[in-house]
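The residues of the chain are indexed from 1 along the displayed sequence. Quantities reported herein were computed from a predicted structural model and do not represent experimental measurements.
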Amino acid sequence: MKRKEILVGLMVTLALVLLFFGINFLKGVNIFKAANYYYAGYSNVEGLATSAPVTLNGYKVGLVRNIKYQFDNPGNVVVEFSVDKELRLPRNTQAVISSDLLGTASIVLRLGDASEGFYAVGDTVPGSVNAGLMGSVNETIMPAVSAVIPKVDTLLTSLNTLVSDPALATSVRRIDDITLELDASVRSLRSLMEALAPTVQNVNSITTNVDTITGNLTVVSAALAEAPVDSLMNELNRTAANLEQLTAALNNPDSSIGRLTSDPELYNNINATVMSLDSLFVDIKRNPKRYISIKLL
């Protein structure tokens, strides 16, 4: 009987030991690893819970062991936390409670100056609270949002008034009419452009012909540039000089040609001679035998 009682006692003891280790394991407490314990005081722990991590530069160096409200000193909360045995906290180190975006709180150690010495194990480290992202939102963004909401309400009221105004509907209908007129104008312009297409082609043909004529004129100009203009001008100058001499001779009464044109007596004699020759030719035609005798042998 005693043997059974001893066996039951051992089983209960073993169960309690396993329960103790299990609870500490779930809390993240390694009872086989030595640690230093410190305390920090806060007026608000911002949702900090037991077994919350204690970090240094983002690395976990300990955890929160216990949180106790000081009923004899209302408004103050004492947090017991442990850190790695090898970590020594310099003076002026702060234990800052920081919350992430999801609201999970942890203690972030901000080490002080080691030249002023170190805290002894069990000392109280100054604590502070960092509002975090949500706190910044509540402190900065929410007041701005609260100031903007009345303006948004006024804007919506004005917008509703504008939408309900009959003049807006009339303006929209006018815009529709203008759009239809613009569409008709665009169609008319498109038809006009299609009608002008042959004319544009003719203009292009004329332009091509003009280019051809311009090219021919260029060739003619080149030919004229290469023509013997100097010799032609010399010939014209000589001809003009000869005409000038002939004109001078005709105008000079002492020359033979001048006498012929200016002496009436000479003109009359020549005229009488021509008339006599004409009479002679007429008489020869009428009486050829008088002037021509044919003898037959």
Task: Partners meeting salt bridge (charged side-chain N to carboxylate O under 4.0 Å, His left out) with Asp113 (sequence neighbours left out) - done: none
Task: Reported CG-to-CD1 distance for the pair Asn44 and Ile97, which is rounded to 0.5 angstrom - done: 7.5 Å
TODO: Say whether Tyr59 and Val64 are linked into one hydrophobic cluster, either directly or through other cluster members, by side-chain heavy-atom distances under 4.5 angstrom.
DONE: yes
- [ ] Count the heavy atoms of every other residue, nucleotide or ligand shown that sit under 6.0 Å from CZ of Arg91, and state whether that count exceeds 12.
- [x] yes
Open item on the list: Are Asn66 and Val78 packed together at the side-chain level, in the sense that at least one heavy-atom pair is separated by less than 4.5 angstrom?
Closed with: no
Task: Residue pair Phe118 / Leu89, side-chain heavy-atom distance below 4.5 Å - done: no
Task: Heavy-atom pair of closest approach, residues Val125 and Phe81 - done: CG2-CZ, 4.3 Å
Task: Common cluster, Val54/Val129, ILVMFWY with side-chain heavy-atom separation under 4.5 Å - done: yes
Task: ILVMFWY network linking Leu48 to Leu56, side-chain heavy atoms under 4.5 angstrom - done: yes
TODO: Check whether any side-chain heavy atom of Asn130 lies under 4.5 Å from a side-chain heavy atom of Arg110, and answer yes or no.
DONE: yes
TODO: Name all residues meeting the ring-ring contact (aromatic ring centres under 6.0 Å, His included) criterion together with Phe71; count only those two or more places apart in sequence or in a different chain, and write none if there are none.
DONE: Tyr69
Task: Nearest non-hydrogen partners of Glu46 and Ala105, listed with the distance - done: O-CB, 3.5 Å
- [ ] Determine the minimum heavy-atom distance between Ser106 and Pro53, stating which atoms define it.
- [x] CB-O, 3.4 Å
Task: Residue pair Leu111 / Pro90: nearest heavy atoms and the distance that separates them - done: CD2-CD, 3.8 Å
Open item on the list: For a quick test of reading the model, state the closest non-hydrogen atom pair linking Thr124 to Tyr119 and the distance between them.
Closed with: O-CE2, 4.0 Å
TODO: Output all residues satisfying side chain to side chain contact (heavy atoms under 4.5 Å, CB included) with Glu194, sequence neighbours left out; order by chain, then residue number.
DONE: Arg190
Task: Any side-chain donor near an acceptor of the partner, Tyr37 and Arg65, under 3.5 Å - done: yes
Open item on the list: Just verifying a value: how many Å separate Asn36 CG and Lys85 NZ, rounded to the nearest 0.5 Å?
Closed with: 4.5 Å
Task: Heavy-atom side-chain contact between Ile67 and Val77 under 4.5 Å - done: yes
Task: Heavy atoms of other groups near Asp176 CG, more than 12 under 6.0 Å - done: yes
Task: Side-chain donor/acceptor of Asp123 to backbone N/O of Ala120, under 3.5 Å - done: yes
Task: Shared hydrophobic cluster, Val45 / Val96 (ILVMFWY, side-chain heavy atoms < 4.5 Å) - done: no
Open item on the list: Quick one: does any side-chain atom of Thr93 pair with a main-chain N or O of Gly112 as donor and acceptor, under 3.5 Å?
Closed with: yes
TODO: Return the minimal non-hydrogen interatomic distance between Leu87 and Tyr38, and the atom names on each side.
DONE: O-OH, 4.3 Å
